[in-house]
Asker: 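So that we are looking at the same thing, I have put the structure below in structure tokens.
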Amino acid sequence: MDRLLLDHTSSVISDQLTNLAFEPSPRELAVLSPFERFAFRVTHRMNGGAWKRFWTWCQSFFGARWIHISTYNLTRVYGLEHVEAVDHSRPLMLVANHRSFFDMYVVSTTLFRKTKWRKQLFFPVRGRFYYQSIIGMFVNLIMGWWSMYPPFFVTGKNPLPEKRPFDKYSMRRLAQLCREGAGNVIGFHPEGTRNKNDDPYSFLRPQPGLGKLIKEASPQVVPVFIAGLGNNLPKQVLGNWLGGPKIRIHFGKQLDLSPFVAKKDHVRTYKEIGEFVMGKIGELSEQDRALYQKQLTTEGTEKI
């Protein structure tokens, strides 16, 4: 009887901790404006249960198709076997460089079209666009099928420090998604913002939030390097038929992050993890450089 009571108590505590991560507290919600709360509640609901399954189907059937139609002549994929090799009963974090608004769209399309295991995508974003206007919510729907979630407000330019309590919830929720859920795929940009440097092999300094998340949640982590995408949507789509830079997606091997597990839970450790991950993305970029250097030398016409 004592054993049954202990098991029941442990189950109740586990459920309470899960609910704590899944739902924000009234205090955390209170720092949002009325519209931000509305946008969050709608998007939050769309990212759970049957709604998430429905929107994932839309994403794989409609979204992936139009992106494929717009990019299939240009896209080249390398190292997909590394994604196939991970444990699909656990969450997977894809960490990629960030130069285009469309980086993760082509990555997700590749996964939906070229792999068969069950998956559902989550892309943590800055809340100041997707959660502060009807237009932002509309873009989240038609471009991301509500997957631009969870939102963060105290990041990048013009941060909103008064919303820090809600960001603590978003980090808690994101850690839960990285820790629990077969088929959860979390797309993450360690640089935190788009790199606008003309050199596709340059990177911004990684943000410590990535290291904190990995240290706390211990997801499987696969690095990704993406090159060849622009930010002009009409030009990008037309380039598929008129000619344009090849879109290269390099998936690396799953990272061994065990050396960081025993280290102190400290900002320095978070930075070390971020720099390690960014270094692995850099190694993929050098593979891409070597792969295309000869072509660039002989043809001299294709832009990287």
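Any value given below was found using the heavy atoms of this structure, including those in side chains, with hydrogens, waters and symmetry copies removed. In this text the structure is predicted, and so the values were computed from the model without any measurement.
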Asker: Between E28 and R172, is a salt bridge (Lys or Arg N to Asp or Glu O under 4.0 Å) present by the stated rule, with each step listed?
Answerer: CA-CA 12 Å; E28 290 166 336; R172 196 168 68 241; 3.0 Å; yes

Asker: Exactly one of V83, N184, V221 should register a side chain to side chain contact (heavy atoms under 4.5 Å, CB included) with L92. Which one does?
Answerer: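 Between L92 and the candidates, side chain to side chain contact (heavy atoms under 4.5 Å, CB included) is satisfied uniquely by V83.
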
Asker: Would you say the side-chain atoms of H266 pair up with the backbone N or O of R268, donor to acceptor, closer than 3.5 Å?
Answerer: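 Flag set: sc H266 to bb R268 pair under 3.5 Å.
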
Asker: Step through the shown structure and confirm whether more than 12 heavy atoms of other residues, nucleotides or ligands are within 6.0 Å of CD1 on I135.
Answerer: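 For I135, atom CD1 is not crowded (no more than 12 foreign heavy atoms under 6.0 Å).
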
Asker: Give me the other members of the hydrophobic cluster that L242 sits in, counting Ile, Leu, Val, Met, Phe, Trp and Tyr linked by side-chain heavy atoms under 4.5 Å, directly or via other members.
Answerer: L238

Asker: Which heavy atom of L284 sits nearest a heavy atom of G252, and at what distance?
Answerer: CD1-N, 3.7 Å

Asker: Any heavy-atom pair between the side chains of F188 and P124 that's under 4.5 Å?
Answerer: yes

Asker: Contact between P223 and L255 at the side-chain level, heavy atoms closer than 4.5 Å - yes or no?
Answerer: yes

Asker: Just so I know, are the side chains of Y292 and R248 near enough to count as touching, which here means a heavy-atom distance under 4.5 Å?
Answerer: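 Y292 reaches R248 side chain to side chain.
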
Asker: Only one of I67, N73, I69 passes side chain to side chain contact (heavy atoms under 4.5 Å, CB included) with T71; say which it is.
Answerer: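 In the set I67, N73, I69, the residue that makes a side chain to side chain contact (heavy atoms under 4.5 Å, CB included) with T71 is I67.
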
Asker: Quick one: does M93's side chain get under 4.5 Å of L213's, heavy atoms only?
Answerer: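 M93 reaches L213 side chain to side chain.
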
Asker: Among residues at least two apart in sequence or on other chains, which ones pass side chain to side chain donor-acceptor pair (under 3.5 Å) with Q207?
Answerer: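 Partners of Q207 by the side chain to side chain donor-acceptor pair (under 3.5 Å) criterion come out as none, since no residue qualifies.
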
Asker: In chain order, what residues pass the ring pair (Phe, Tyr, Trp, His ring centres under 6.0 Å) check against F260, with sequence neighbours excluded?
Answerer: F276

Asker: Any side-chain donor paired with an acceptor under 3.5 Å for Q176 and R173?
Answerer: yes

Asker: Not counting sequence neighbours, list each pair that qualifies as a side chain to side chain donor-acceptor pair (under 3.5 Å) and has a residue in residues 270-279.
Answerer: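 Sorted pair list: K263-E272, D265-Y270.
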
Asker: Going by the rule ring pair (Phe, Tyr, Trp, His ring centres under 6.0 Å), which residues pair with W117 if we only count those two or more places apart in sequence or in a different chain?
Answerer: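 Partners of W117 under the ring pair (Phe, Tyr, Trp, His ring centres under 6.0 Å) test: H88.
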
Asker: Which residues satisfy the side chain to side chain donor-acceptor pair (under 3.5 Å) test with E36, sequence neighbours excluded?
Answerer: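 Counting only residues at least two positions away or on another chain, E36 forms a side chain to side chain donor-acceptor pair (under 3.5 Å) with S33, Q132, K163.
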
Asker: Is the side chain of N47 donor-acceptor paired with the backbone N or O of T43 at a distance under 3.5 Å, no angle test?
Answerer: yes

Asker: Looking only at atom types and distance, does a side-chain atom of R41 sit under 3.5 Å from a main-chain N or O of A39, one as donor and one as acceptor?
Answerer: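 No.
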
Asker: Quick one: are the ring centres of H250 and Y78 less than 6.0 Å apart?
Answerer: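 Here the rings of Y78 and H250 have centres that are less than 6.0 Å from each other.
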
Asker: Indicate yes or no: at least one non-hydrogen side-chain atom of R194 is less than 4.5 angstrom from one of S100.
Answerer: no

Asker: Whether the side chain of S170 engages the backbone of P150 through a donor-acceptor N/O pair (distance < 3.5 Å, no angle test) should be reported.
Answerer: no

Asker: Got a donor-acceptor contact below 3.5 angstrom from the D167 side chain to the V154 backbone?
Answerer: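 Such a contact is found between D167 side chain and V154 backbone.
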
Asker: H44: what forms a side chain to side chain donor-acceptor pair (under 3.5 Å) with it, not counting sequence neighbours?
Answerer: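 With sequence neighbours excluded, H44 shows a side chain to side chain donor-acceptor pair (under 3.5 Å) to E23, Y149, given in chain and number order.
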
Asker: Should F112 and K119 be marked as a side chain to side chain contact (heavy atoms under 4.5 Å, CB included) after you check the CA-CA gap, both sets of side-chain angles, and the distance that decides it?
Answerer: CA-CA 8 Å; F112 279 126; K119 60 188 71 68; 3.7 Å; yes

Asker: Which residue pairs satisfy the salt bridge (charged side-chain N to carboxylate O under 4.0 Å, His left out) criterion with at least one member in residues 73-86, sequence neighbours excluded?
Answerer: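 Of all non-adjacent pairs touching residues 73-86, none passes salt bridge (charged side-chain N to carboxylate O under 4.0 Å, His left out).
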
Asker: Which heavy atom of V224 sits nearest to which heavy atom of I281, and what is that distance?
Answerer: O-CG2, 3.6 Å

Asker: With hydrophobic residues grouped by side-chain heavy-atom distances under 4.5 Å, do I134 and L32 end up in a single group?
Answerer: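 Looking at the clustering, L32 is in the same group as I134.
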
Asker: Would V222 and V95 satisfy side chain to side chain contact (heavy atoms under 4.5 Å, CB included), going step by step from the backbone distance to the final call?
Answerer: CA-CA 6 Å; V222 167; V95 288; over 6 Å; no

Asker: How long is the gap from CG on L257 to CD1 on I273, to the nearest 0.5 Å?
Answerer: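 If I round to the nearest 0.5 Å, the distance is 6.5 Å.
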
Asker: For residues Y131 and F35, establish whether the separation of their ring centroids is below 6.0 Å.
Answerer: no

Asker: For the CG atom of D288 and the CD1 atom of I249, what is their distance to the nearest 0.5 Å?
Answerer: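 Rounded to the nearest 0.5 Å, the CG-CD1 separation comes out at 11.0 Å.
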
Asker: Please identify each residue that fulfils ring pair (Phe, Tyr, Trp, His ring centres under 6.0 Å) with F54, with sequence neighbours left out.
Answerer: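 Not a single residue meets the ring pair (Phe, Tyr, Trp, His ring centres under 6.0 Å) criterion with F54.
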
Asker: D103: which residues meet the side chain to side chain donor-acceptor pair (under 3.5 Å) condition with it, sequence neighbours left out?
Answerer: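 Here the qualifying residues are H98.
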
Asker: Among residues at least two apart in sequence or on other chains, which ones pass side chain to side chain contact (heavy atoms under 4.5 Å, CB included) with T193?
Answerer: R126, L204

Asker: In Å, rounded to the nearest 0.5 Å, how long is the span from CZ of F203 to CE of M278?
Answerer: 5.0 Å

Asker: If every non-hydrogen atom of V277 is compared with every non-hydrogen atom of P190, which pair is closest and at what distance?
Answerer: CG1-CG, 4.5 Å

Asker: Starting at CZ of R113, measure out to OG1 of T75 and round the result to the nearest 0.5 Å.
Answerer: 10.5 Å

Asker: Okay, side chain of N195, backbone of S202: is any donor-acceptor separation there less than 3.5 Å?
Answerer: yes

Asker: Look at the side chain of S285 and the backbone N and O of G282, then say whether any donor-acceptor pair between them is shorter than 3.5 Å.
Answerer: yes

Asker: Looking at every heavy atom in both A175 and E216, which two are closest together, and how far apart are they?
Answerer: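 Closest heavy-atom pair between A175 and E216: CB-OE2, 3.7 Å.
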
Asker: State which residues pass ring pair (Phe, Tyr, Trp, His ring centres under 6.0 Å) with F122; sequence neighbours excluded, sorted by chain then number.
Answerer: none

Asker: With rounding to the nearest 0.5 Å, note down the distance linking OG in S70 to CG in N240.
Answerer: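 Between S70 OG and N240 CG, I get 7.0 Å after rounding to 0.5 Å.
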
Asker: Backbone N or O of K264 within a donor-acceptor pair of the T269 side chain at under 3.5 Å?
Answerer: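 Here the side-chain-to-backbone pair exists.
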
Asker: Of all the heavy-atom pairs spanning L94 and M104, show the shortest one and how long it is.
Answerer: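 Between these two residues, the closest heavy atoms are O-CE, 3.8 Å.
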
Asker: Going by heavy atoms in the side chains, are F129 and V139 under 4.5 Å from each other?
Answerer: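 In short, these two side chains touch, coming nearer than 4.5 Å.
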
Asker: Measuring from I247:CD1 to F102:CZ, what's the distance to the nearest 0.5 Å?
Answerer: 10.5 Å

Asker: Would you say that M137 contacts W146 through its side chain, given a criterion of any heavy-atom pair below 4.5 Å between the two side chains?
Answerer: yes

Asker: For residues K52 and T56, is any side-chain donor paired with an opposing acceptor at under 3.5 Å?
Answerer: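 There is no such pair (donor and acceptor under 3.5 Å, judged by atom type) between the side chains of K52 and T56.
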
Asker: Can you check whether A182's main-chain N or O pairs, donor with acceptor, with S89's side chain at less than 3.5 Å?
Answerer: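 No, S89 side chain to A182 backbone: no donor-acceptor pair under 3.5 Å.
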
Asker: Flag the pair N140 / W145 as yes when at least one side-chain heavy-atom distance between them is below 4.5 Å, and no otherwise.
Answerer: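 Result no, sub-4.5 Å side-chain heavy-atom pair not found.
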
Asker: Tell me which one of F152, F153, Y169 satisfies ring-ring contact (aromatic ring centres under 6.0 Å, His included) with F40.
Answerer: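 Testing F40 for a ring-ring contact (aromatic ring centres under 6.0 Å, His included) against F152, F153, Y169 leaves exactly one candidate, Y169.
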
Asker: Provide the closest heavy-atom pair for P165 versus E162 in the form atom of the first, atom of the second, distance.
Answerer: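 Closest approach of P165 to E162: CD-O, 3.6 Å.
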
Asker: Please state whether the rings of W57 and F61 are parallel, tilted or perpendicular, taking 30° and 60° as the class boundaries.
Answerer: parallel

Asker: For the backbone of V86 and the side chain of Q220, can you confirm whether one donor and one acceptor N or O come within less than 3.5 Å of each other?
Answerer: no

